[in-house]
Amino acid sequence: NTTPLVIAIDGPAAAGKGTLSRQIAETYGFQHLDTGLTYRAAAKALLDRGLPLNDEGIAEKMARDVELAGLDREILSAHAIGEAASKIAVMPAVRRALVEAQQAFSKRKPGTVLDGRDIGTVVCPDAPVKLYVTASPEVRARRRYDEIVGRGDAANFDEIFADVRKRDERDMGRADSPLKPAKDAHLLDTSEMGIEAAFQAAKAIIDAALKG
Ligand code: CDP
Ligand code: CDP
C-alpha cells in the first residue's frame with residue numbers, strides 16, 4: 001500500500017492541537033499542516049483589503065488564492081484574524097475551497113499530520129488515525145492567558161475565557177462541518193496533562209493504531 005498515511009487531529013481552540021501536531025510530525029517524519037492557518041490567511045486577505053467579512057463570493061475568492069507555501073504562523077497570529085477566520089469559516093464556499101487545498105496536502109509523501117476542526121469528519125474521513133484533543137474551557141483559557149503574558153503582553157483572564165466560549169459556540173454550532181469528534185476518533189482530554197504527557201498519550205494511541 002503506497003497511499004501516504006494521514007494523522008487527523010481535531011479539537012477546540014487552545015486544546016494543544018498545534019503543539020501536539022508539530023511533535024508528532026517530527027517524530028514520524030511527516031509533513032504538517034495547521035489548517036487553521038488557511039482560514040486565517042483568507043481572513044487576513046479580506047481585512048488587509050478592507051473587504052466585508054459577510055460576502056461569501058468575495059471570501060471564496062480570497063480562499064481560492066490562499067497558498068499553502070506562504071502560510072506564516074507569526075504573521076497570522078493576531079487575535080482579530082482568528083475572530084475573522086471563525087466568521088468566514090461558517091461559509092460553505094470558503095470551506096470547499098480550503099478543504100480542496102487541504103486534501104491535496106494530505107496526499108503528500110511520506111505522510112501527513114493535519115490539525116483543525118473537521119479533519120477526521122470532512123477533510124480526511126478515511127484517515128487511519130484520528131485524535132480529538134480537548135481540555136476544559138478554563139484550562140484552555142488559562143493556556144492562552146499564559147501564552148500572552150509569557151510574551152510580555154497584557155491579558156485579562158475573564159475576557160480570554162469569554163472569547164474561548166464564544167469561539168467554541170461558533171465552531172460547534174455552525175451548520176457546515178461543525179466541530180465534533182469523528183465516530184472513530186480517539187479522545188484525548190489534556191486538562192490534567194502537560195505538553196510531554198499529552199505527547200506520550202498521543203504517541204501510544206498512534207503506535208497502537210498503526211500496528212493494529
Ligand atoms: O488557534 P485557534 O484555536 O485560535 O484557531 P485556528 O486553528 O487558528 O482556527 C481559526 C478558526 O478557523 C477556527 O476558530 C475555526 O472557526 C476555523 N477553522 C475551521 O473552521 N476548520 C478548520 N479545519 C480549522 C480552522
Ligand atoms: O493549536 P491549539 O490552538 O489547539 O493549541 P496550541 O497552540 O498547541 O496550545 C495552546 C497553548 O497551550 C500553548 O501555549 C501550549 O504551549 C499550551 N499547552 C499546554 O500548556 N499544555 C498542553 N498539554 C498543550 C498545550
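Counting starts at 1 for both ligands and their atoms, in listed order.
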When you compare ligand 2 with [X], is there at least one nitrogen or oxygen pair between them that comes in under 3.5 angstrom?
X	answer
Ala13	no
Arg22	no
Gly18	yes
Ala15	yes

4.5 Å side-chain heavy-atom contact, [X] and [Y]:
X	Y	value
His79	Asp163	yes
Asp171	Pro12	no
Lys130	Lys183	no
Ile24	Ile9	yes
Thr38	Leu71	yes

Please report which non-hydrogen protein atom sits nearest to [atom], along with the residue it belongs to and the distance in Å to one decimal place.
atom	answer
atom 17 (C) of ligand 2	Arg143 CD, 3.9 Å
atom 16 (O) of ligand 2	Ile195 CD1, 3.4 Å
atom 11 (C) of ligand 2	Glu147 OE2, 3.3 Å
atom 5 (O) of ligand 2	Gly16 N, 3.1 Å
atom 12 (O) of ligand 1	Tyr39 CB, 3.6 Å
atom 6 (P) of ligand 2	Thr19 OG1, 3.6 Å

Could you tell me, atom by atom, which parts of ligand 1 come under 4.0 Å of a heavy atom of [X]?
X	answer
Ala14	3 (O)
Ser86	14 (O), 16 (O)
Asp118	21 (N), 22 (C), 23 (N)
Gly116	23 (N), 24 (C)
Asp171	13 (C), 14 (O), 15 (C), 16 (O)
Ala89	16 (O), 17 (C), 20 (O)

Output yes when the distance from some N or O of ligand 1 to some N or O of [X] is under 3.5 Å, and no in every other case.
X	result
Asp115	no
Arg167	yes
Thr35	yes

Salt bridge flag under 4.0 Å for residues [X] and [Y]:
X	Y	value
Asp207	Lys211	no
Glu60	Arg64	yes
Glu147	Arg144	yes

| query | When rounded to the nearest 0.5 angstrom, what is the spacing between OH in Tyr28 and CD1 in Ile7? | reply | 6.0 Å
| query | Between Met193 and ligand 2, which residue portion shows a heavy-atom distance shorter than 4.0 Å: side chain, backbone, both, or neither? | reply | backbone
Answer with side chain, backbone, both or neither: which part of [X] has a heavy atom less than 4.0 angstrom from an atom of ligand 1?
X	value
Glu83	neither
Arg170	neither
Arg144	side chain
Arg95	side chain

| task | Please say whether more than 12 non-hydrogen atoms of neighbouring residues, nucleotides or ligands are located less than 6.0 Å from CD in Glu26. | result |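 No, the 6.0 Å shell around CD holds no more than 12 heavy atoms from other groups.
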| Just checking, Arg108 and Phe105: is the charged tip under 6.0 Å from the six-membered ring centre and within 45° of the axis? |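 The answer is no; the distance or angle limit is not met.
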| remark: To atom 25 (C) of ligand 1, the nearest of Pro12, Gly36, Gly11 on a heavy-atom basis is Gly36
| query | Who gets closest to atom 7 (O) of ligand 1 by heavy atom: Lys87, Lys17, Arg117? | reply |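 Of the listed residues, Arg117 has the closest heavy atom.
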| query | Are Val164 and Val139 grouped together when hydrophobic residues (ILVMFWY) are joined by side-chain heavy atoms under 4.5 angstrom apart? | reply | no
| Where do Ser106 and Val6 come nearest, in terms of heavy atoms and distance? |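 Looks like O-CG2, 3.5 Å.
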